[in-house]
Amino acid sequence: MALALAHPAWAAPSQVGSVRYEEARHALTIETSGAPVVQTKRLLNPDRLVIDLLDAELSGLANREAAVPSRKIRGFRAVQYSLTPSVVRLIVELKPGVDPLVEVRQVSGRITVTLADSPLPTGEKDLETLPP
């Protein structure tokens, strides 16, 4: 009888390489050697987005911190949050008043985290467009 594991215990963690932010797309791109599990959460005071890459390690070439001239974020930093289990944590410092809709896409060694504008709730309209 064979036992199938989702991720073999002897497999090496994914290596996290370059991390960059593209203002035009409001997207953070993370290069990896594999496909780590991605978890995101929002923290307040100060506002920030936390992106955890499970079963991952920072490579020696990874840029650890960057200030970003952006209307949505101030910058980001990457840290080796834990070795057992292996977790890389990216902390994205959001600008005040930014409440992004976070979308994560993962395709062959590249993770893209897009910070889209949150849509207006259904049924509400922009008050400036209403007639007086």
Side-chain angles (χ1 to χ4, degrees):
M1 179 164 99
L3 177 63
L5 297 174
H7 186 75
W10 62 87
S14 297
Q15 294 296 305
V16 175
S18 70
V19 181
R20 66 185 180 280
Y21 183 77
E22 298 174 48
E23 172 66 13
R25 296 185 321 135
H26 303 295
L28 197 67
T29 302
I30 306 157
E31 301 292 336
T32 68
S33 66
V37 174
V38 180
Q39 295 179 344
T40 64
K41 61 184 163 189
R42 177 79 184 272
L43 300 176
L44 303 174
N45 297 323
D47 290 340
R48 55 210 185 281
L49 173 67
V50 174
I51 304 164
D52 284 338
L53 307 176
L54 308 181
D55 195 30
E57 293 180 350
L58 281 175
S59 76
L61 302 175
N63 51 332
R64 311 281 181 171
E65 191 168 353
V68 177
S70 166
R71 69 178 183 90
K72 290 191 184 257
I73 72 171
R74 293 181 179 177
F76 64 86
R77 62 187 177 278
V79 297
Q80 186 69 51
Y81 183 70
S82 170
L83 288 174
T84 307
S86 298
V87 177
V88 170
R89 177 166 280 182
L90 277 81
I91 300 112
V92 181
E93 298 173 26
L94 300 171
K95 288 198 171 172
V98 172
D99 186 19
L101 179 64
V102 177
E103 178 183 311
V104 177
R105 289 193 180 154
Q106 192 167 4
V107 179
S108 65
R110 179 173 291 156
I111 299 167
T112 304
V113 180
T114 304
L115 306 176
D117 291 326
S118 294
L120 287 174
T122 305
E124 291 190 24
K125 297 183 187 230
D126 185 350
L127 295 177
E128 293 180 17
T129 63
L130 295 176

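In this text the structure is predicted, and so the values were computed from the model without any measurement.
- Pairs passing the side-chain hydrogen bond (donor to acceptor under 3.5 Å, both in side chains) check and including a residue from residues 37-48, sequence neighbours excluded, read R42-D99.
- Contact detail for S14 and A35: the closest heavy-atom pair is OG-N, 3.4 Å.
- Of the residues listed (T32, L53, L90, I30), the one engaging V38 in a side-chain contact (heavy atoms from CB on, under 4.5 Å) is L53, and it is the only one.
- A donor atom on one side chain and an acceptor atom on the other are found under 3.5 Å apart for E23 and S70.
- Under the 3.5 Å distance criterion, the side-chain polar atoms of E31 are left unmatched by any main-chain donor or acceptor of Q15.
- The two residues S82 and P85 have their closest heavy-atom pair at OG-O, 2.6 Å.
- A continuous path of ILVMFWY side-chain contacts below 4.5 Å connects L49 to V104, so both sit in one hydrophobic cluster.
- Shown here for T112 and R25, the closest heavy-atom pair between the two residues is CG2-NH2, 3.9 Å.
- Both I111 and Y21 sit in one connected hydrophobic cluster of ILVMFWY residues. Membership requires side-chain heavy atoms under 4.5 Å apart, directly or through other members.
- Without hydrogens or angle criteria, E103 side chain to T114 main chain gives no donor-acceptor distance under 3.5 Å.
- In this structure, the separation between CZ on R77 and CZ on R89 is 10.5 Å, given to the nearest 0.5 Å.
- Q80 contributes atom CD, which lies 5.5 Å from atom CD of E57 (distance to the nearest 0.5 angstrom).
- Within the 4.5 Å cutoff, the side chain of I91 has no heavy atoms near those of the Y81 side chain.
- Under the 4.5 Å side-chain heavy-atom criterion for Ile, Leu, Val, Met, Phe, Trp and Tyr, L28 and L94 are members of the same hydrophobic cluster.
- Each of I51, V113, V19 was evaluated against F76; a single residue qualifies, V19, per the side-chain contact (heavy atoms from CB on, under 4.5 Å) test.
- Put simply, the side chain of I73 does not reach to within 4.5 Å of the side chain of H26, judged on heavy atoms.
- A donor-acceptor pair is defined here as one N or O able to donate and one able to accept, closer than 3.5 Å; no such pair exists between the side chain of Q106 and the backbone of V37.
- The two atoms that bring G17 and S59 nearest to each other are CA-OG, 3.7 Å, heavy atoms only.
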